[in-house]
Amino acid sequence: MQLPRGAAGADVLARLDRFVIETPSWGYADTGTRFGKFLQDAAATSIDEKLADAAEVHRLTGCCPSVAVHVLWDFPGGGSEAEIRRIAARAASLGVRVGSINPNVFEDQAYKWGSLTNRDPEVRRRALDHIFDSIRIGELCGSNLLTLWFADGTNYPGQADLRQRKRWMSEGLREVHARLPADGTMLIEYKPFEPAFYHSDIADWGMAHALAKEAGPRAKVLVDLGHHLPGCNIEHIVAFLIDEGALGGFHFNDRKYADDDLTTGSIDPYQLFRIFNEIAGAEHERGGPGAGTSADLPVAYMIDQSHNLKPKIEAMIQTVMTVQEIFLKALLVDRDALRRAQDREDLVAAEGVVKDAFWTDVREGIAEHRRSRDLPPDPLAAFRESGYAARAAAQRGPRKKPEGGRYA
Ligand code: AFD
Ligand code: MN
Ligand code: MN
């Protein structure tokens with residue numbers, strides 16, 4: 001099975017060109033696990049360097065125009081209007097823009113017992129004020145997307161009233177929704193555990209969906225691929241949320257055991273394909289690639305990964321290339337043949353239609369298409385040849401090393 005030629009092929013590639021993937025500012029900086037952090041010389045140490053790295057990914061891939069920001073980590077000046085405008089202008093000068101805004105209501109000591117679910121109304125108010133300020137930052141940056149992840153939860157049975165916490169969370173999210181700008185969308189992200197180890201207040205897609213419906217019509221669910229218990233059928237959740245009109249976005253990564261934030265598709269590319277198969281199937285129902293933007297699902301495709309060992313920009317480019325390839329494969333599923341096989345309960349044929357698309361090697365087709373767009377056919381190879389990482393390491397590395405030039 002090859003890439004379709006003619007009008008069908010042009011439509012599929014046009015859909016691929018409309019498929020943009022947001023990279024996270026925090027993916028370019030030194031991160032670690034709770035067991036420590038391994039510094040990388042070339043890792044970004046400021047929002048300006050993160051934007052520069054994101055711009056390099058966009059320059060080479062042509063599909064990453066926006067950068068997710070983390071309010072406390074990326075606006076060290078406290079988010080003054082001058083700081084925000086400077087950062088937004090810096091992004092624009094680099095050919096990218098600020099994308100989704102991620103408030104941080106989990107690191108401050110005040111949130112030890114929760115943020116929107118804290119039994120202290122002062123803390124709940126503080127968390128809300130921070131989220132409202134994040135909305136302000138978004139408006140000044142020209143971003144209309146707010147991504148909400150809460151570490152709220154408990155570690156022991158009996159620690160808290162779970163139903164009261166649900167009500168506080170819903171009350172807070174309703175207030176957030178009321179503050180959204182007219183064109184704003186809030187994404188509610190769920191996660192079964194970590195950092196809380198007995199219960200998380202927004203533990204699964206059903207809770208996020210219920211809270212989003214209570215918050216208002218512009219609240220949607222964010223599916224982080226690493227936020228599911230082993231064996232979970234994520235593509236079924238995606239299909240259900242699509243059909244509810246509740247799927248707001250993704251955080252792409254991969255996992256072997258938990259929220260490992262491994263590079264997308266590195267462990268289970270077929271699962272990622274099955275997820276995109278649901279997206280492509282739903283878009284086919286809406287008219288498919290030939291119908292143009294009207295068939296495109298209004299979903300934010302974002303990466304959320306911590307590249308602890310892989311070089312950060314390489315890992316980001318690798319991820320973008322993987323997500324593009326997998327989405328293109330899903331667009332190749334022969335929907336009519338699939339439907340005919342399903343209608344006659346021909347399981348083997350139906351599975352064969354899906355697998356034919358998954359096994360299709362689209363790499364040369366994408367490379368050819370990139371050439372036609374004056375993009376490097378292999379963005380990863382182009383990055384490696386560019387010397388960008390070496391230059392970044394030479395500039396940034398010495399700042400991280402104590403006297404003597406070696407890591408402690
Ligand atoms: C952590 C959380 C969650 C959140 C991300 C960025 O698990 O995925 O989206 O940090 O705030 O990975
Ligand atoms: Mn996430
Ligand atoms: Mn996570």
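All of these numbers come straight from a predicted model, not from anything done at the bench. Whatever order the structure lists them in is the order used to number ligands and atoms, beginning at 1. Residue numbers count from 1 along this sequence.
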Q. When you look for heavy atoms under 4.0 Å from ligand 1, do you find them on the side chain of Asp261, its backbone, both, or neither?
A.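 Looking at Asp261 and ligand 1, just side chain atoms fall under 4.0 Å.
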Suppose I only count heavy atoms of [X] and a 4.0 Å limit; which atoms of ligand 1 are within that range?
X	answer
Asp224	8 (O)
His227	3 (C), 7 (O), 8 (O)
Asp259	7 (O), 12 (O)

Please state which protein non-hydrogen atom is closest to [atom] and give its distance, to 0.1 Å?
atom	answer
atom 11 (O) of ligand 1	His70 NE2, 2.7 Å
atom 9 (O) of ligand 1	Glu189 OE1, 2.7 Å
atom 7 (O) of ligand 1	Lys191 NZ, 2.8 Å
atom 5 (C) of ligand 1	Asp304 OD2, 3.3 Å

| message | Below 2.8 Å, which protein N, O or S atoms neighbour the Mn ion (ligand 2), ignoring water? | response |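 The answer is Glu189 OE2, Asp224 OD2, His251 ND1, Asp304 OD2.
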Polar atom proximity, Asn102 to ligand 1 (N or O, under 3.5 Å) |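 No, there is no polar N/O contact under 3.5 Å.
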Ignoring angles and geometry beyond distance, decide whether His251 reaches within less than 3.5 Å of ligand 1 through its nitrogen or oxygen atoms.
-> yes
Quiz item: Got more than 12 heavy atoms from elsewhere within 6.0 Å of CZ, Arg179?
Solution: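 It does not: Arg179 CZ has 12 such atoms or fewer within range.
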- For Arg363, does the CZ atom sit with more than 12 other heavy atoms under 6.0 Å from it, leaving out its own atoms? no
Practice prompt. May I ask whether Leu222 has any heavy atom positioned less than 4.0 angstrom from an atom of ligand 1?
Written response: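 Leu222 does not count as a contact of ligand 1 under the 4.0 Å cut-off.
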Q. Within less than 4.0 angstrom of ligand 1, does Glu194 place any heavy atom?
A. no
Check the side chains of [Y] and [X] for a donor-acceptor pair under 3.5 angstrom, ignoring hydrogens and angles.
X	Y	result
Trp26	Gln305	no
Thr45	Arg399	yes
Arg370	Gln324	yes

Taking the six-membered ring of [Y], is NZ or CZ of [X] closer than 6.0 Å to its centre and within 45° of its axis?
X	Y	value
Arg119	Trp113	no
Lys329	Phe358	yes
Arg274	Phe276	no

The complete set of salt bridge (Lys or Arg N to Asp or Glu O under 4.0 Å) pairs with one or both residues in residues 17-42, sequence neighbours excluded, reads Asp17-Arg373, Arg18-Asp296, Asp30-Lys400, Asp41-Lys401
- Query: Is the gap between the ring centers of Trp149 and Phe106 under 6.0 Å?
  - Reply: yes
**Message:** For the aromatic rings, using the six-membered ring if either is Trp, is the centroid distance between His199 and Tyr156 under 6.0 Å?
**Reply:** no
Verdict with reasoning, Val71 to Asp133, per side chain to side chain contact (heavy atoms under 4.5 Å, CB included):
CA-CA 9 Å; Val71 173; Asp133 199 41; 5.6 Å; no
